[in-house]
Structure formats: structure tokens, C-alpha cells
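All remarks here apply to the structure that follows.
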Amino acid sequence: MSSKDFFVQPAPLLAPALIGKTLVRVQNGERVAGIITETEAYQGQEDLACHARVGRTRRTEVMFGEPGRAYIYFTYGMHWLLNIVADQAGSPAAVLIRAIFPLEGLAIMEQNRPIAGKRSQWLNGPAKLTQAFGLNGSLNGHDLRNTNSELFLEDGISVPGELLEVGPRVGLGKTPEPWLSMPWRWVLNFEHAIEKTEKGTI
DNA sequence: CGGCCGATTATCT
DNA sequence: GATAATCGGCCGG
């Protein structure tokens, strides 16, 4: 990530690499931040679950562009979802950020969105985290490598790959196989990770 | 718990 | 005109 080419890799490689990174949002000079704990990969026009399957449109344009940009789109008539553009320009790919563990700016998050229950559940959904971070289409195309901006990535914690849980992407509806079952979802579940570590599984 | 269902609108065909 | 990379509420067990 600190490396210039971190984002220049296919989404199925970038997605697990993003687990553990810190997403930082600056609102009114205040930091709102947390650790990315769940991602999904959407790779290329051949991936029939990827928006770019239909080629270049106003919406997918960002995905065809520079890696390291934010691809933020609107869905279900009410939700904004955040993705990070992957792979080289010209090759449409993106990683959906599905969950974040909140660390900084908790009061601002609460202002942006009512929070309840366990802290690990506050931002465990792609639309929940955009609300809490105050994100919408206005930052679509934003360069996430600019650490002097209102939205960017920072090095977070180092997560051994063995602690990640892998499975098929969710919410794809009638997407045909093999794309429907492609194991392109990565999750870091702290509870499970701790268990594994204590059992000496790793 | 788990499953079903309605909300609500930008974007695409 | 149809669809949607979701969420929260409501229902039954």
C-alpha cells in the first residue's frame, strides 16, 4: 500500500491484501478510522457479478481507470457502497469494502449513524460503513493514495493469511455459475482468529 | 436464532 | 420499465 504499485494487482489478490489496512476519513478536521475486516473481489468484464460486465458506462468508468481510486456507487435506492479500484488502468476491477472494525472518531460515527450492540457489529456491512464514514457519490473517483485528503488508506495491522476466512461473495442474486460461487470474499473474524491462535492451530 | 419482505431511486436497457 | 455487490423490522420456532 505504501508501495506505489500496491493497487496494481488483480482484485482477487488485492482484496485479501487489504484486510488489516486502515481506512481513514477526515470530517471537519476530525479523523474517523478503522481496520478493514471484510472484502470482496470483482474482476473484469468476464466476471458476470462485476458491474463492468456490461463494459464502460458512466457508472463503471472509474473501474476502468486508475487503481487506488474510490469507486462509490448507489444501490437499492438508498445505499452507497465503497470499492477500491484494482488492477491496471484499462482492466476494470475493484474490491468492495464490506466491513470495518471502528477505532477512531467513534463519536462522529455515532453522529453519522446510530450504533448499537457489539462494537465489531457497528460497521459489519458495506452500507453501514459508508454511512458511518459519511461517504456518498461525491467522493467517487477520489484518489485513496493521497494521505493528505479527506479519504485515504494507511498501513494498519499485519494479518497472517491463515487467519482469513474465504468464501463465495454474497448478495449476487441470479449471477450465473461459476461466478456465483467464486471464493472471492475474505473475512477477518477476531473471535475466530483468537481461538485459532490459542488452540495453536497457527 | 433464521427467513422473508418492503423501502426507495440512480443507472442502465 | 427493470434492476439492485443492503438493511432493519417482523414473523415463526
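Just so you know, these numbers use all the heavy atoms, side chains as well, and skip hydrogens, waters and symmetry mates. Sequence lines set the chain letters: A, B, ... in the order given, protein chains first and strands last, and positions in each chain run from 1.
- Across every strand in view, dT8(B) sits unpaired, with no contact that passes the Watson-Crick or G-U test at under 3.5 angstrom.
- By the ring pair (Phe, Tyr, Trp, His ring centres under 6.0 Å) test, Phe152(A) is found to be paired with no residue, residues two or more places apart in sequence or in another chain being considered.
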Next item on the list: Just do the side-chain contact (heavy atoms from CB on, under 4.5 Å) check on Phe101(A) and Glu38(A) with the steps written out, would you?
Entry: CA-CA 9 Å; Phe101(A) 185 85; Glu38(A) 181 179 343; over 6 Å; no
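- At a threshold of 4.0 Å, the pair Glu40(A)-Arg98(A) counts as salt-bridged, since one of the basic side-chain nitrogens sits closer than that to a carboxylate oxygen.
- For the pair Arg58(A) CZ and dT9(B) P, the computed distance is 17 Å after rounding to whole Å.
- By the 4.0 Å N-to-carboxylate-O rule, Glu191(A) lies too far from Lys118(A) to be salt-bridged with it.
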Next item on the list: Sugar-phosphate means primed atoms, P, OP1 and OP2; the rest is base. With that split, encode nucleotides 1-10 of chain C 5' to 3' as B, S or - using protein heavy atoms under 4.0 Å.
Entry: ---BBBSS--
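- Between Phe133(A) and Ile97(A), every side-chain heavy-atom pair lies at or beyond the 4.5 Å cut-off.
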